[in-house]
Amino acid sequence: MPELPEVETIARALRQENRRGFSITGSEIEDVSILWERSIAIPSAVEFKQRVCGQHIREVGRRGKYIVVTLTQDTLLIHLRMSGDLRIEQGGADVLKNGLHKHDRVAFTLSGGNYLIFEDARKFGRLWLLADPQEELGTLGPEPLGEELDAQRFYAMLQGKKRQLKPLLMDQHFLAGMGNIYTDEALFKARLHPLLNAVDLNAEQTASLLRAIRETLQEGIARNGSSIDWVYRGGDFQNHFAVYGRTGEACPVCGATIERLVVGQRGTHICPQCQALPSRDE
């Protein structure tokens, strides 16, 4: 958390209709206050500040779970990890004096008296300033919503992996952007057990899974993501979960009791009837 829909929501907000009604696109980065140096992954905090100041923000996008900020010369990558978030503050110099929060880690001073602030309670989030963003993004798998990923390619990808479905789908080198919530929801929608071996899926199951992943992510984006803790707020997809976090409740399809199990060290939610694990004899 945040996963692809939450990151996409934040990226869209920063470039279009953010929580304060201000787009950062076109702004100049006039200064940066680094309040927690470890938030800067690459380069050093000193070089980061020297290079980023004076550059203009050309575009804000997303790749997997990364927010991608294209600058005049470099690319700023932001990974929110467990508890990161971005917000816009407007109010001139008073923001740095009186408006910073306890968990603010990096504050960019933008032209026009505005600020882009990275906050991160658990301090796991990271920022990169790179001349070539592929240095960090190059190992990511394809985008699940990308046109280049069709059922045929997805089938070939699965056939090459003798791994359980859920850990594989959450592997960012295999597929970029999937996390615990949306993987559970997509597997339920596709009626597939998370412990199934990927290589055992047939072409029809593969097409169904890809369709379920896309529908789940698209609904998550349409609902501005999921708000299930105090870190990310603003979405309401949590009100439409079929299985995630609903242990002991009735399945919305068949009425069976939703169960929680651990797969790949992650809490996992399934309907034991809709997602029955085939026996080895089947």
Side-chain angles (χ1 to χ4, degrees), residues 1-16 18 23-34 36-88 105-111 115-120 123-149 153 157 169-179 182 217 221 225 232:
M1 218 359 229
E3 302 179 28
L4 188 155
E6 290 77 40
V7 177
E8 178 66 24
T9 298
I10 292 171
R12 289 183 177 187
L14 292 176
R15 67 177 180 260
Q16 295 178 0
N18 62 60
S23 172
I24 68 172
T25 305
S27 299
E28 178 184 359
I29 300 176
E30 296 180 343
D31 197 4
V32 58
S33 299
I34 302 175
W36 177 257
E37 289 193 2
R38 292 185 183 179
S39 293
I40 309 300
I42 295 176
S44 67
V46 172
E47 183 181 348
F48 183 96
K49 182 169 184 175
Q50 291 174 341
R51 281 172 52 184
V52 79
C53 292
Q55 296 199 51
H56 287 76
I57 297 172
R58 290 181 169 176
E59 187 178 355
V60 181
R62 178 196 57 78
R63 176 73 171 100
K65 297 181 184 180
Y66 292 80
I67 293 173
V68 181
V69 183
T70 304
L71 304 176
T72 310
Q73 297 176 330
D74 294 307
T75 299
L76 172 65
L77 302 179
I78 304 171
H79 199 302
L80 304 174
R81 299 272 171 88
M82 292 294 293
S83 62
D85 199 0
L86 290 166
R87 74 178 192 276
I88 296 290
R105 307 303 175 194
V106 182
F108 296 90
T109 302
L110 305 180
S111 52
Y115 295 85
L116 173 64
I117 298 176
F118 171 68
E119 54 183 315
D120 184 16
K123 300 181 180 178
F124 293 147
R126 292 293 181 269
L127 285 71
W128 294 256
L129 186 66
L130 301 169
D132 180 7
Q134 291 307 305
E135 293 179 19
E136 178 66 22
L137 304 179
T139 62
L140 292 179
E143 288 285 324
L145 298 176
E147 295 181 358
E148 72 279 2
L149 182 63
R153 179 183 176 188
M157 289 167 58
L169 294 177
M170 292 179 60
D171 184 341
Q172 301 304 296
H173 301 296
F174 178 78
L175 195 64
M178 296 295 289
Y182 296 93
L217 292 175
I221 293 171
Y232 176 82

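- His56 and Gly26 get closest at one heavy-atom pair: CD2-O, 3.7 Å.
- Between Leu110 atom CG and Ile29 atom CD1 the span is 6.5 Å, to the nearest 0.5 Å.
- Side chains of Val69 and Leu116 form no contact here, defined as non-hydrogen atoms less than 4.5 Å apart.
- The minimum heavy-atom distance between Ala107 and Ile117, with the atom names listed, is CB-CG1, 4.1 Å.
- Side-chain contact between Val7 and Ile10 is absent, with no heavy atoms from C-beta onward closer than 4.5 Å.
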Using atom types as modelled, flag every donor-acceptor pair under 3.5 Å from a side chain in residues 128-135 to any protein atom, sequence neighbours excluded.
residue	atom	partner	partner atom	Å
Trp128	NE1	Glu136	OE1	3.3
Asp132	OD1	Gln134	N	3.1

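- The closest donor-acceptor contact from the side chain of Arg62 to the backbone of Gly64 lies under 3.5 Å.
- Nearest approach of Ile34 to Ala45, heavy atoms of both residues: CD1-O, 3.5 Å.
- Across every non-hydrogen atom of Ala176 and Gly141, the tightest pair is CB-O, 3.5 Å.
- Taking the salt bridge (Lys or Arg N to Asp or Glu O under 4.0 Å) definition, one finds that Glu37 meets it with nothing, sequence neighbours left out.
- Side-chain contact between Leu127 and Phe118: present, with at least one pair of heavy atoms (C-beta onward) separated by less than 4.5 Å.
- Residues forming a side-chain contact (heavy atoms from CB on, under 4.5 Å) with Thr109 (at least two apart in sequence, or on another chain): Glu30, Asp31, Leu96, Tyr115.
- A distance of 5.5 Å separates CG in Leu14 from CD1 in Ile88, rounded to the nearest 0.5 Å.
- Annotation: side chain of Phe124 is not in contact with side chain of Ser83 (no heavy-atom distance under 4.5 Å).
- Residues Pro2 and Gly84 approach most closely at CG-O, 4.0 Å, considering heavy atoms.
- A salt bridge is absent between Glu119 and Arg105; no separation between the charged side-chain nitrogens and carboxylate oxygens falls under 4.0 Å.
- Residues forming a side-chain contact (heavy atoms from CB on, under 4.5 Å) with Glu59 (at least two apart in sequence, or on another chain): Thr70.
- Residues passing the side-chain contact (heavy atoms from CB on, under 4.5 Å) test with Glu147, sequence neighbours excluded: none.
- The pair Glu3-Arg81 does not meet the salt-bridge criterion, since no charged nitrogen lies less than 4.0 angstrom from a carboxylate oxygen.
- With sequence neighbours left out, Gln55 forms a side-chain hydrogen bond (donor to acceptor under 3.5 Å, both in side chains) with Asp74.
- Within the 4.5 Å cutoff, the side chain of Arg15 has no heavy atoms near those of the Ile24 side chain.
- Here Lys65 contributes atom NZ and Leu4 contributes atom CG; the two are 9.0 Å apart, rounded to the nearest 0.5 Å.
- Partners of Asp171 under the side-chain hydrogen bond (donor to acceptor under 3.5 Å, both in side chains) rule, at least two apart in sequence or in another chain, are Arg163.
- The local environment of CZ in Arg38 is sparse, with at most 12 non-hydrogen atoms from other residues, nucleotides or ligands closer than 6.0 Å.
- Between the OG atom in Ser27 and the CZ atom in Phe108 there is a gap of 12.5 Å [rounded to 0.5 Å].
- Taking OG1 from Thr25 and CD1 from Ile57, the interatomic distance works out to 7.0 Å, rounded to the nearest 0.5 Å.
- Remark: Arg63 pairs with Glu143 by the side-chain hydrogen bond (donor to acceptor under 3.5 Å, both in side chains) rule, at least two apart or across chains.
- The minimum heavy-atom distance linking Pro142 with Leu175 is given by the pair O-CD1, 3.5 Å.
- Remark: Ser44 pairs with Val46, Glu47 by the side-chain contact (heavy atoms from CB on, under 4.5 Å) rule, at least two apart or across chains.
- Neither side chain, Tyr66 nor Gln172, offers a donor N or O lying under 3.5 Å from an acceptor on the other.
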Are Ile221 and Arg12 close enough, and set up right, to give a side chain to side chain contact (heavy atoms under 4.5 Å, CB included), and what steps lead you there? CA-CA 10 Å; Ile221 293 171; Arg12 289 183 177 187; 3.4 Å; yes
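- With rounding to the nearest 0.5 angstrom, the OG atom of Ser39 is 6.0 Å from the CZ atom of Arg126.
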